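Every chain is numbered from 1, with letters handed out A, B, ... down the list of sequences. Here the structure is a predicted model, which is why all the values come from computation and not from measurement.
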Amino acid sequence: MHLPADFDAEIWDIVAQIPAGRIATYGQLARLAGMPGYARRVGRAMAAAPAGIPCHRVVNAAGRTAPGWTAQRELLEAEGVRFRRNGCADLTHLIDGF
DNA sequence: AAAGTGACGGTTA
DNA sequence: CTAACCGCCACTT
């Protein structure tokens, strides 16, 4: 299985469909794109995401927000996403059947 | 070519 | 729950 040239764009398209107040994990997005095991590559796609893509709705499998991006948590909380005491987003807001 | 690095993930202790 | 480990993919030293 090999990486499509438009992998980043495919990921961005999926992220663009995540409703406000819901979140998704990197691995989840990789699977939805038909590329299981490419979670790390998805992270790279997020770092290169153009303005307009709600990449703040993407967290890691533990619900932790992106390192160095403190605003992400505030953006999510403003949409109603709850955070646990340990700093991780409440995973009940994960997208399902999508 | 080899080793280091990072918006990751699963398992184990 | 946290931390350590290892596996993972692509990029940079």
Is a side-chain N or O of A/Arg57 found less than 3.5 angstrom from the main chain of A/Ile18, in a donor-acceptor match?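 Yes, the answer is positive, given that a donor and an acceptor are paired below the 3.5 Å cut-off.
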May I ask you to decide if A/Ile95's main-chain N or O and A/Gln28's side chain share a donor-acceptor pair within less than 3.5 Å? yes
Decide if atom CZ of A/Arg64 counts as having more than 12 heavy atoms of other residues, nucleotides or ligands within a radius under 6.0 Å.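 At most 12 heavy atoms, drawn from other residues, nucleotides or ligands, come within 6.0 Å of this atom.
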Using the P atom in both, what is the distance from B/dA7 to C/dG7, to the nearest Å?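 Taking atom P in both B/dA7 and C/dG7, they lie 22 Å apart.
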A/His56 and A/Glu79: side chain donor to acceptor below 3.5 Å: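 Yes, A/Glu79 and A/His56 have a side-chain donor paired with an acceptor closer than 3.5 Å.
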Roughly, in whole Å, what's the span from CG in A/Asp8 to P in C/dA10?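 Rounding to the nearest Å, CG of A/Asp8 and P of C/dA10 are 11 Å apart.
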Could you state the CD1-P distance from A/Ile11 to C/dC9, rounded to the nearest angstrom? 15 Å
Donor-acceptor pairs under 3.5 angstrom involving side-chain atoms of residues 30-55 of chain A: please list them, not counting sequence neighbours.
| unit_1 | atom_1 | unit_2 | atom_2 | d |
| --- | --- | --- | --- | --- |
| A/Arg41 | NH1 | A/Asp8 | OD1 | 3.1 |
| A/Arg41 | NH2 | A/Asp8 | OD1 | 3.2 |

Mark up nucleotides 2-13 of chain B, 5' to 3', with B wherever a protein heavy atom is under 4.0 angstrom from a base atom, S wherever such an atom reaches only the sugar-phosphate, and - elsewhere. ----BBBSS---
